[in-house]
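Only one structure is covered here, and it is reproduced in the block below.
Residue indices begin at 1 and follow the sequence shown.
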Amino acid sequence: TAMAKIWNADLAHAAEVRVWYHQSKGSSKEFMWRKAHEAILAVEKEIRQYSSGRVVNMPKLKERTTLLELEAILRGEKPIVPPEMQEAEPVERDY
């Protein structure tokens with residue numbers, strides 16, 4: 001059987017880092033990444049990528065921007081944590 005890479009943790013981390021990054025910039029993109037992060041965490045099966053490139057159990061994301069970026073990460077075209085986001089961390093909010 002072809003080895004499949006399991007992506008749940010990496011994609012969740014990618015989305016989470018993007019939440020932190022956009023939050024630190026005060027960008028509303030934070031919210032679409034928050035939705036993507038929640039969608040990835042809600043997937044109960046393994047998000048697998050086969051050597052053929054086929055991906056199964058990817059969550060359906062309505063926001064094309066997040067979907068395209070996550071697909072680029074799956075294909076190895078974008079890093080899980082881009083250089084400009086290396087320093088990103090959770091923002092403590094006082095509501």
>> Go through it in stages, so that I can follow the logic: the residues are Glu69 and Arg18, the test is salt bridge (Lys or Arg N to Asp or Glu O under 4.0 Å), and I'd like the CA-CA distance, side-chain angles, deciding distance and then a yes or no.
In response: CA-CA 11 Å; Glu69 179 123 356; Arg18 284 157 178 79; 2.9 Å; yes

> Under the side chain to side chain contact (heavy atoms under 4.5 Å, CB included) criterion, do Leu11 and Ile73 qualify, and how do the steps go?
Replying inline: CA-CA 8 Å; Leu11 291 180; Ile73 292 169; 4.2 Å; yes

>> I'd like to know whether Glu30 forms a salt bridge (Lys or Arg N to Asp or Glu O under 4.0 Å) with Arg34, so could you lay out the CA-CA distance, the side-chain angles of the two residues, the decisive distance to 0.1 Å, and finally the verdict.
In response: CA-CA 6 Å; Glu30 169 198 339; Arg34 214 173 264 289; 2.7 Å; yes

>> As an exercise, state the distance from CG of Leu70 to CZ of Arg75, rounded to the nearest 0.5 Å.
In response: 10.5 Å

> Do other residues, nucleotides or ligands put more than 12 heavy atoms under 6.0 Å from the CD atom of Glu44?
Replying inline: no

>> Do Ile47 and Val55 have side chains that approach each other closer than 4.5 Å (heavy atoms only, starting at C-beta)?
In response: yes

> Considering only heavy atoms from C-beta outward, does the side chain of Trp7 approach that of Gln49 to under 4.5 Å?
Replying inline: yes

Which side-chain N or O atoms in residues 78-89 pair as donor and acceptor under 3.5 Å with protein atoms at least two apart or in another chain?
| unit_1 | atom_1 | unit_2 | atom_2 | d |
| --- | --- | --- | --- | --- |
| Gln86 | NE2 | Val81 | O | 3.4 |

> Is the closest side-chain heavy-atom distance between Lys29 and Met32 below 4.5 Å?
Replying inline: yes

>> Is there a side chain to side chain contact (heavy atoms under 4.5 Å, CB included) between Lys5 and Asp10? Walk through the geometry before answering.
In response: CA-CA 10 Å; Lys5 173 158 168 57; Asp10 283 345; 3.1 Å; yes

> Just wondering, do Met58 and Leu74 contact through their side chains at under 4.5 Å, heavy atoms?
Replying inline: yes

> Any side-chain heavy atom of Val19 sitting closer than 4.5 Å to one from Phe31?
Replying inline: no

> Is the closest side-chain heavy-atom distance between Trp33 and Thr65 below 4.5 Å?
Replying inline: no

>> Measuring from atom CD1 of Ile40 to atom OG1 of Thr66, what distance do you get when rounded to the nearest 0.5 angstrom?
In response: 8.0 Å

> Looking only at atom types and distance, does a side-chain atom of Asn8 sit under 3.5 Å from a main-chain N or O of Lys45, one as donor and one as acceptor?
Replying inline: yes

